[in-house]
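Note that the numbering runs from 1 along the sequence shown for the chain. In what follows, every heavy atom counts, from backbone to side chain, and hydrogens, waters and symmetry copies are set aside. Remember, it's 1-based here, ligands and their atoms both numbered in the order they're listed.
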Amino acid sequence: MASAVEMIDITKVFPGVVANDKVNLRVEKGEIHALLGENGAGKSTLMSILFGLYPLDGGKILINGKEADIKDPNDAAALGVGMVHQHFKLVQNFTVTENIILGMEGRDRFGNLDVRAAEKRVAELTERYGLAVNPKDTIENITVGMQQRVEILKILYRNADILIFDEPTASLRPQEIDELMDIFKKLRDEGKTILFITHKLKEIKACASVCTVLRRGKSVATVQVADMSEEALAELMVGHAVQFTVDKKPAQIGKTVLKIENLNVANSNSTHKKALPAVQNLNLEIHAGEIVGIAGVDGNGQRELAEAIAGLVPVQSGAIYLDGQDISGNSIRQRIEKGLGWVPEDRHKHGLILPFRLDENFILKSFRKDPYSGKLGFLNFPIIAEHADKLIKDFDIRAGKGPATISAGMSGGNQQKAVIAREIDLSPDLLIVCQPTRGLDVGAIEYIHKRIVAERDKGRAVLLISFELDEIMSLCDRIAAISRGSIVGEVDAASANEREIGAMMGGVKA
Ligand SMILES: Nc1ncnc2c1ncn2[C@@H]1O[C@H](COP(=O)(O)OP(=O)(O)OP(=O)(O)O)[C@@H](O)[C@H]1O
Ligand SMILES: [Mg+2]
């Protein structure tokens with residue numbers, strides 16, 4: 001039987017970088033195939049080529065044994081190839097069904113839009129593939145996990161047999177990840193072929209049968225997942241052994257750096273006047289030399305908490321003290337000057353100015369200062385370039401044109417590393433890091449964790465907000481659980497267990 005996908009000697013060149021260098025990939029029908037590789041290895045590029053988003057510079061593609069000329073996503077769709085992107089492309093105020101049929105609306109015999117027939121077909125697909133969604137729900141009212149199902153239904157509705165996913169679990173909750181893995185298996189059992197990119201080795205072990213590894217633009221191995229441990233997969237990917245645990249000395253706790261008193265922050269997602277505040281009477285204290293983690297299920301106020309400290313959203317009442325001064329009325333710039341650093345959850349929206357060069361993004365918060373600006377206010381370009389070179393080297397940021405690379409053209413993980421590099425480099429008194437390792441490869445995670453611990457050991461206060469309990473448990477000194485906008489309990493990380501934290505996240509007071 002012919003393979004579902006064969007990509008032979010695929011080459012793709014971007015300015016300054018060979019993103020795919022004679023890559024070979026073979027995916028059999030009905031297989032779940034994982035694509036693994038360091039940040040910038042060329043995974044998204046390879047999948048974008050298969051889906052017709054980028055033209056090839058060399059090589060050829062066979063779909064079901066036949067050579068295919070895929071010039072755009074319509075060609076890909078006609079060949080049964082569908083892709084679910086990391087950032088969904090749904091119309092927020094349309095219903096599930098409307099989104100699914102958008103662009104291929106059927107008409108009844110009177111020429112009217114046949115919503116009924118479409119709904120019936122959507123219901124059939126939902127049932128068959130175990131994709132529970134309500135076809136009448138509006139997108140803006142459903143969870144991220146549900147929206148992803150709509151994206152999957154959208155490509156199934158167009159009869160896709162080969163389904164591509166680029167980091168599908170990056171913004172899902174743990175339970176949604178398990179559900180997605182089950183959906184993958186169900187799709188496979190129904191004869192679909194699945195290709196997915198992930199940095200999480202656990203997911204590969206949980207559901208893929210075959211894994212292809214890319215390194216610096218080249219395909220270095222295709223392995224049977226059953227034969228490989230997580231450690232072996234990691235080593236294959238980065239070329240050396242990776243340490244999965246965080247080494248740290250006992251914390252040397254110093255003075256109070258952050259003190260939050262009875263904080264209330266409005267719910268930014270709701271225009272309803274009587275909606276409950278996102279943050280409610282929240283109290284929290286963080287000292288110099290410690291990492292405090294906020295554990296919680298997405299949507300319990302952790303985002304608004306971080307944004308209120310950073311100055312993005314106003315506080316309704318309460319106080320935020322940074323080094324003893326109430327900053328709750330300060331501008332963002334004043335807060336930065338008083339020693340606040342922030343790695344936002346959304347690197348595109350709040351982390352980087354995408355059309356700017358990498359070196360410009362590195363000095364967004366410090367360009368007014370010495371040594372980047374001289375006394376007369378002119379930028380000192382040689383020093384800015386030197387600074388960028390250093391961060392690129394220290395954080396191993398892969399950017400084709402070095403400091404001059406436009407940030408929009410960098411891979412997701414490398415954009416993430418750039419934001420973290422900028423914030424850590426400033427070494428602020430209080431460093432807030434939200435989902436810091438989202439989209440990073442295991443090698444990069446190891447390095448970033450080390451650097452966060454180094455900040456703590458320098459006597460900085462670190463606030464970590466993460467949906468990954470593993471990350472919170474291994475990195476933090478103290479863990480506070482948030483539920484419905486309030487801290488429901490705090491535990492010492494050394495003696496914490498997952499069950500206890502899980503119960504607190506569910507609102508059970510410690
Ligand atoms: N549109 C683009 N313009 C310029 N360079 C690009 C573009 N897209 C990708 N690149 C470059 O190609 C290389 C591979 O990027 P790609 O996005 O495929 O990596 P990736 O393996 O998906 O990484 P990540 O795990 O970080 O998402 C990177 O060096 C990146 O900077
Ligand atoms: Mg990518």
Can you list the atoms of ligand 1 that are under 4.0 Å from a heavy atom of Asn39?
23 (O), 24 (P), 25 (O), 26 (O)
Please write down residue, atom name and distance for the protein heavy atom closest to atom 25 (O) of ligand 1.
Lys43 NZ, 2.8 Å
In ligand 1, which numbered atoms sit nearer than 4.0 Å to a non-hydrogen atom of Tyr54?
1 (N), 8 (N)
Are the charged groups of Asp21 and Lys12 less than 4.0 angstrom apart, N to O?
no
Protein contact of atom 29 (O) of ligand 1 - nearest heavy atom, named by residue and atom, plus distance
Val17 CG2, 3.7 Å
Among all protein non-hydrogen atoms, which one is nearest to atom 3 (N) of ligand 1, and what is the separation to 0.1 Å?
Phe14 CD2, 3.6 Å
Numbering the atoms of ligand 1 from 1, which are under 4.0 Å from a heavy atom of His199?
25 (O)
So Trp342 and Glu307, do their side chains get closer than 4.5 Å, heavy atoms only?
yes
Output yes when the distance from some N or O of ligand 1 to some N or O of Gly42 is under 3.5 Å, and no in every other case.
yes
Can you tell whether the side chains of Glu38 and Arg398 come within less than 4.0 Å, N to carboxylate O?
yes
For the residue pair Phe165 and Phe184, does the interplanar ring angle fall in the parallel (under 30°), tilted (30 to 60°) or perpendicular (over 60°) class?
tilted
Minimum distance, heavy atoms only, to atom 31 (O) of ligand 1: which one of Gly409, Gly400, Ala408 is it?
Gly409
With a 4.5 Å heavy-atom cut-off, do His199 and Leu440 have their side chains touching?
no
Look at ligand 1 and say whether Gln415 reaches it with a heavy atom at a distance under 4.0 Å.
no
So, Glu345 and Arg303, do they make that salt bridge, N to O below 4.0 Å?
yes
Would Thr45 count as being in polar contact with ligand 1, using the rule that some N or O on each side must be under 3.5 angstrom apart?
yes
Pull out every atom of ligand 1 sitting under 4.0 Å from any heavy atom of Glu38, numbered as shown with elements.
21 (O)
Using distance alone, decide if ligand 1 has a nitrogen or oxygen within less than 3.5 Å of any nitrogen or oxygen in Ala41.
yes
Atom 14 (C) of ligand 1 has as its nearest protein heavy atom Gly40 O, 3.4 Å
Within 4.0 Å of some non-hydrogen atom of Ser44, the atoms of ligand 1 are 17 (O), 18 (O), 20 (P), 22 (O)
Under 4.0 Å from any heavy atom of Gly412, which atoms of ligand 1 are there?
26 (O), 27 (O)
Taking the basic N atoms (NZ, or NE/NH1/NH2) and the acidic carboxylate oxygens, is any pair closer than 4.0 Å for Lys185 and Asp189?
no
Heavy-atom distances under 4.0 Å decide this one: backbone, side chain, both or neither, for Met410 against ligand 1?
backbone
What is the nearest protein non-hydrogen atom to atom 17 (O) of ligand 1, stated with its residue, atom name and distance?
Ser411 CB, 3.3 Å
Is it the case that the side chain of Lys43 and the backbone of Gly37 share a donor-acceptor pair, with hydrogens and angles ignored and the cut-off at 3.5 Å?
yes
To check your reading of the model: name the closest protein heavy atom to atom 27 (O) of ligand 1, its residue, and the distance in Å.
Glu167 OE2, 3.5 Å
Ligand 1 to Ala19 polar contact by distance, N or O atoms, under 3.5 Å:
no
Could Lys200 and Asp441 be called an ion pair, given the rule that one side-chain N must be under 4.0 Å from one carboxylate O?
no
Any carboxylate oxygen within less than 4.0 angstrom of a Lys/Arg side-chain nitrogen, looking at Arg438 and Glu468?
no
Contact check: Ser44 to the Mg ion (ligand 2), N/O/S below 2.8 Å
yes
